[in-house]
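Here is the structure we will look at.
Only this structure's heavy atoms are used, side chains among them; waters, hydrogens and symmetry mates stay out. As the structure is a prediction and not an experimental result, all values here were calculated from the model.
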Amino acid sequence: MKNLVVKILQWQARLMLARHQPRVIGVTGSVGKTSTKDAIATALATSKSVRKNMKSYNSELGVPLTILGLKSAWLSPLGWLSNILVGFWRTATYDLPTDTYFVLELGADKPGDIASLVKWLKPQIGVVT
């Protein structure tokens, strides 16, 4: 069930990115990802619209939640259903400002995780800590 939810939310996030074409900055590395992400987002927020990962939502599930502006439903099946429905709504109707930047922390649990995220995120800027 989790894999299906992840696939749907990633698909919705890809649609959101394709529709609005925000600038994406990916931050990864072994240490200091969250601090670096926060510093970049703070600097950009003085003149741009910025969205960054909540907490350390830096996984295959957390990154789409950030793009869609959703919170984790944790262990609630109804919460995940609600997230999927709201994700469809936001993908179809939500308007991002034209100067939006997504500053996204990208974490890895296993080899290939970063490559998998970068494949569909297509960040314009990459930062490795």
Side-chain angles (χ1 to χ4, degrees):
M1 184 67 150
K2 178 189 173 198
N3 288 339
L4 179 60
V5 170
V6 168
K7 295 289 184 202
I8 291 169
L9 292 173
Q10 283 182 354
W11 177 75
Q12 291 172 339
R14 286 194 309 266
L15 286 176
M16 180 77 83
L17 293 175
R19 181 170 176 238
H20 297 288
Q21 299 182 350
R23 289 158 193 87
V24 177
I25 299 172
V27 180
T28 194
S30 58
V31 66
K33 295 182 295 293
T34 302
S35 298
T36 302
K37 170 204 64 175
D38 289 341
I40 293 168
T42 299
L44 286 172
T46 62
S47 62
K48 305 292 181 192
S49 174
V50 177
R51 185 177 295 171
K52 64 178 184 169
N53 308 66
M54 299 169 278
K55 303 179 185 177
S56 289
Y57 285 8
N58 62 12
S59 66
E60 64 183 356
L61 183 58
V63 171
L65 288 174
T66 299
I67 292 169
L68 296 167
L70 301 170
K71 293 183 180 178
S72 175
W74 299 104
L75 299 176
S76 170
L78 289 177
W80 287 113
L81 178 60
S82 174
N83 271 350
I84 289 170
L85 295 174
V86 171
F88 278 120
W89 178 256
R90 289 186 179 170
T91 300
T93 64
Y94 195 73
D95 286 326
L96 293 174
T98 56
D99 65 344
T100 297
Y101 281 76
F102 282 102
V103 183
L104 300 172
E105 179 179 332
L106 310 177
D109 288 329
K110 61 188 179 311
D113 282 354
I114 301 300
S116 176
L117 286 168
V118 168
K119 184 176 180 178
W120 64 267
L121 278 174
K122 298 181 175 65
Q124 287 78 30
I125 298 172
V127 178
V128 180
T129 62

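Nearest heavy atom pair, residue H20 against residue Y94, reads NE2-O, 2.9 Å. K52 approaches D38 most closely through the heavy-atom pair NZ-OD1, 2.9 Å. Looking at every heavy atom in both residues, M54 comes nearest to L70 through CE-O, 2.7 Å. Across every non-hydrogen atom of A73 and G79, the tightest pair is CB-C, 3.4 Å. In plain terms, the two heavy atoms of F102 and I67 that are nearest each other are CE2-CA, 3.8 Å. When all heavy atoms of N53 and E105 are compared, the pair lying nearest together is OD1-N, 2.6 Å.
T66 OG1 to R51 CZ: the interatomic distance, rounded to the nearest 0.5 Å, is 8.5 Å. A distance of 9.0 Å separates CG of L9 from CZ of F88, quoted to the nearest 0.5 Å. Residue K119 holds its NZ atom at 9.5 Å from CZ of R14, rounded to the nearest 0.5 Å. Atom NZ of K55 and atom OG of S72 lie 8.5 Å apart (nearest 0.5 Å). Taking CG of L117 as the start and OG of S59 as the end, the distance is 8.0 Å to the nearest 0.5 Å.
Follow the hydrophobic side-chain contacts under 4.5 Å out from Y57 and you never reach V127; the two are in separate clusters. Hydrophobic clustering, with ILVMFWY side chains joined whenever heavy atoms are under 4.5 angstrom apart, groups V6 together with I8. Both I125 and I40 are assigned to one and the same hydrophobic cluster, defined by single-linkage of ILVMFWY side chains at heavy-atom distances under 4.5 Å. Criterion: ILVMFWY side-chain heavy atoms under 4.5 Å apart, direct or through other members. Under it, V103 and L17 are not part of a common hydrophobic cluster. Connection of W11 to L96 is established within a shared hydrophobic cluster, with ILVMFWY side chains joined at heavy-atom distances below 4.5 Å, either directly or through further cluster members.
Judged by distance alone, with hydrogens and angles left aside, the side-chain atoms of K37 form no donor-acceptor pair with the main-chain N or O of K33 at under 3.5 Å. The main-chain N or O of D99 is never found under 3.5 Å from a side-chain atom of S49 such that the two would form a donor-acceptor pair. S82 places no side-chain N or O within 3.5 Å of a backbone atom of L78 that could act as its donor or acceptor partner. A distance-only check finds no donor-acceptor pair linking the side chain of N58 to the backbone of L104 [under 3.5 Å].
At most 12 heavy atoms of other shown residues, nucleotides or ligands fall within 6.0 angstrom of atom CH2 in W89. For L85, the CG atom is densely surrounded, since the number of other residues' heavy atoms within 6.0 Å is greater than 12.
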Between V63 and W120, does a side chain to side chain contact (heavy atoms under 4.5 Å, CB included) hold up when you go through it step by step?
-> CA-CA 11 Å; V63 171; W120 64 267; 4.1 Å; yes
Test log, rule side chain to side chain contact (heavy atoms under 4.5 Å, CB included), inputs K71 and L65 | CA-CA 6 Å; K71 293 183 180 178; L65 288 174; over 6 Å; no
Would you sort out whether L68 and M16 count as a side chain to side chain contact (heavy atoms under 4.5 Å, CB included), showing the intermediate values?
-> CA-CA 7 Å; L68 296 167; M16 180 77 83; 4.0 Å; yes
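With contacts defined as side-chain heavy-atom distances shorter than 4.5 Å, the pair W80/L61 qualifies. By the 4.5 Å heavy-atom criterion applied to side chains, L121 and L106 are counted as neighbours. Between I25 and P123 there is no side-chain heavy-atom pair separated by less than 4.5 Å. With contacts defined as side-chain heavy-atom distances shorter than 4.5 Å, the pair I84/Q12 qualifies. Between D95 and R19, the closest side-chain pair of non-hydrogen atoms falls below 4.5 Å.
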